[in-house]
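Worksheet: one structure, shown below.
Note that this is a predicted model, so its numbers are computed, not measured.
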Amino acid sequence: MRVLDVGCGAGDTTFLVAGIVGETGEVVGVDRAPAALMAARAGANRRSLRNVSFVEGDAADMTFDRPFDAVTGRYVLLFQRDPAAMLRKVAAHVRPGASIVFHELDWDGSRSSPPAPIYDTGTRWIVETFRLMDAETSMGLKLYATFVDAGLTAPSMRLEAVVGAGANGTDAVGLVADPLGTLYADTISLGVATAAEMGMETLARRMQDEVTANNSVLVARSEVGAWSHV
């Protein structure tokens with residue numbers, strides 16, 4: 001199979017797909033960020049992947065020499081002003097019967113019980129920062145309507161979430177603390193939180209200490225997948 005990976009970033013999904021299609025298949029990753037593509041190409045070289053290539057640009061506006069057998073995308077549609085239009089354009093790059101597969105987040109699923117206030121506040125900071133950046137934090141559950149509005153057949157869907165509890169809550173804690181590290185400058189510049197409020201140097205530890213002390217159960221953001229055919 002020949003697969004187009006839209007918004008490939010540093011290539012994490014691209015490499016997973018390359019393992020699925022095998023050496024006789026091909027994966028083309030596309031992204032608009034040169035730095036991300038540099039990291040992706042370095043990752044492909046480390047893995048000695050000869051069936052992977054990366055191209056700079058917007059996949060919705062590009063042309064390719066021949067059609068693909070599938071299109072994949074992870075954490076891409078939430079940043080689009082018109083996700084259905086974007087999906088419609090990338091679907092034009094595939095042959096009839098090809099698969100369209102996208103994976104997006106739904107932050108509304110993140111919660112704790114009994115409450116873990118630091119974890120819940122961190123989630124709120126992420127959601128508010130993304131919304132001020134015009135990103136759709138509930139894109140996962142909007143995939144169905146997006147596929148249909150793009151003119152694709154109604155997709156099959158699955159939802160998964162990481163669940164942690166007490167001293168075993170570190171994976172769920174990381175799914176809030178790590179994004180806050182990435183969004184740190186934006187969270188502050190947009191006025192969502194101050195550096196003192198975030199206290200990034202100790203944030204993950206304070207979250208985990210609170211979860212352990214409260215015996216809280218953490219449900220991380222929802223990971224939603226949808227797939228259909230043209």
Quick one, Val162 with Val219, criterion side-chain contact (heavy atoms from CB on, under 4.5 Å). Give me CA distance, side-chain angles, the key distance, then yes/no.
CA-CA 6 Å; Val162 171; Val219 180; over 6 Å; no
Would you name the heavy atoms of Tyr119 and Ser110 that are closest together and state the gap between them?
OH-OG, 3.3 Å
Does any non-hydrogen side-chain atom of Val3 lie less than 4.5 Å from one of Val21?
yes
Report yes if some heavy atom in the side chain of Leu87 is under 4.5 Å from a heavy atom in the side chain of Thr146; otherwise report no.
yes
Does any N or O in the side chain of His93 come within less than 3.5 Å of the main-chain N or O of Ala70, such that one atom is a donor and the other an acceptor?
no
Distance col, row Arg131:CZ vs Leu190:CG, nearest 0.5 angstrom, shows 14.0 Å
Could you check whether any side-chain N or O of Arg88 sits under 3.5 Å from a backbone N or O of Asp149, counting only pairs where one atom can act as donor and the other as acceptor?
yes
If every non-hydrogen atom of Ala91 is compared with every non-hydrogen atom of Leu152, which pair is closest and at what distance?
CB-CD2, 4.1 Å
Is there a donor-acceptor pair closer than 3.5 Å between any side-chain N or O of Ser228 and the backbone N or O of Thr153?
yes
Which value, rounded to the nearest 0.5 Å, describes the distance between Glu136 atom CD and Gln80 atom CD?
12.5 Å
Counting only heavy atoms not in Glu56, do more than 12 fall under 6.0 Å of its CD?
yes
Using modelled atom types and a 3.5 Å cut-off, is there a donor and acceptor pairing between side-chain atoms of Thr202 and backbone atoms of Arg205?
no
Met139 with Leu159, same ILVMFWY side-chain cluster at under 4.5 Å
yes
Measuring from atom CG of Leu175 to atom CG of Leu180, what distance do you get when rounded to the nearest 0.5 angstrom?
11.5 Å
If you draw a 6.0 Å radius around CZ in Arg95, do more than 12 non-hydrogen atoms from other residues or ligands fall strictly inside?
yes
Decide yes or no on side-chain contact (heavy atoms from CB on, under 4.5 Å) for Val55 and Val28, but give the supporting numbers first.
CA-CA 7 Å; Val55 182; Val28 178; 4.0 Å; yes
Go through the steps for Thr137 and Leu105 under the test side-chain contact (heavy atoms from CB on, under 4.5 Å), then give the verdict.
CA-CA 7 Å; Thr137 58; Leu105 300 174; over 6 Å; no
I need the minimum non-hydrogen distance between Val217 and Ala165, along with the two atoms involved.
CG2-CB, 4.0 Å
CZ/Phe147 to CG/Leu77 distance, rounded to the nearest 0.5 angstrom?
7.5 Å
Between Val76 and Glu104, is a side-chain contact (heavy atoms from CB on, under 4.5 Å) present by the stated rule, with each step listed?
CA-CA 7 Å; Val76 173; Glu104 299 289 342; 4.2 Å; yes
Locate the shortest heavy-atom distance separating Thr170 from Ala167; write the atom from each residue and the value.
CG2-O, 4.3 Å
Once rounded to the nearest 0.5 Å, what's the spacing between atom CG of Asp106 and atom CD of Glu223?
10.0 Å
Can you name the nearest heavy-atom pair linking Pro179 to Arg221, along with the distance?
CG-NH1, 3.9 Å
Is there a donor in the side chain of Ser138 and an acceptor in the side chain of Asp108, or the other way round, less than 3.5 Å apart?
yes
Kindly check if the number of other-residue, nucleotide or ligand heavy atoms within 6.0 Å of CE (Met200) is above 12?
yes
Taking the side chain as C-beta and beyond, is there a heavy-atom pair between Tyr144 and Met157 under 4.5 Å?
yes
Under 4.5 Å between any side-chain heavy atoms of Phe130 and Leu183, yes or no?
yes
Mind checking whether Leu132 and Trp125 sit in one hydrophobic cluster, side chains of I, L, V, M, F, W, Y counted as touching below 4.5 Å?
yes
Would you kindly say whether Ser216 and Ser112 are connected by a side-chain donor-acceptor distance under 3.5 Å?
no
When you compare the side chain of Val30 with that of Met62, does any pair of heavy atoms fall below 4.5 Å?
yes
Can you confirm whether the side chains of Asp5 and Thr14 place a donor and an acceptor under 3.5 Å from each other?
yes
Any Val94 side-chain heavy atom under 4.5 Å of Leu4 side chain:
no
Indicate the atoms forming the closest heavy-atom contact of Leu218 with Ala172, along with that distance.
CB-CB, 3.8 Å
Give a yes or no on whether a salt bridge exists between Lys89 and Asp61, defined as a side-chain N under 4.0 angstrom from a carboxylate O.
yes
Quick check: are there more than 12 heavy atoms from other residues, nucleotides or ligands sitting under 6.0 Å from CZ of Arg41?
yes
Lys/Arg-Asp/Glu bridge criterion (N-O < 4.0 Å) met for Asp120, Arg124
no
State whether Phe68 and Arg2 meet the cation-pi test: NZ (Lys) or CZ (Arg) under 6.0 Å from the six-membered ring centroid, and within 45° of the perpendicular axis.
yes
Could you grab the distance from atom OG1 of Thr182 to atom CD1 of Ile126, nearest 0.5 Å is fine?
9.0 Å
Between Glu197 and Thr194, is there a donor-acceptor pair closer than 3.5 Å when you use the side chain of the first and the backbone of the second?
yes
Do side-chain atoms of Arg66 reach the backbone of Phe64 as a donor and acceptor pair under 3.5 angstrom?
no
Classify the ring geometry of Phe15 against Phe54: parallel below 30°, tilted from 30° to 60°, perpendicular beyond 60°.
perpendicular
Any donor-acceptor N/O pair, Asp31 side chain to Gly9 backbone, under 3.5 Å:
yes
Side-chain (Asn51) to main-chain (Gly22) donor-acceptor, under 3.5 angstrom:
yes
Electrostatic pair Arg206-Glu210, nearest N-O below 4.0 angstrom:
no
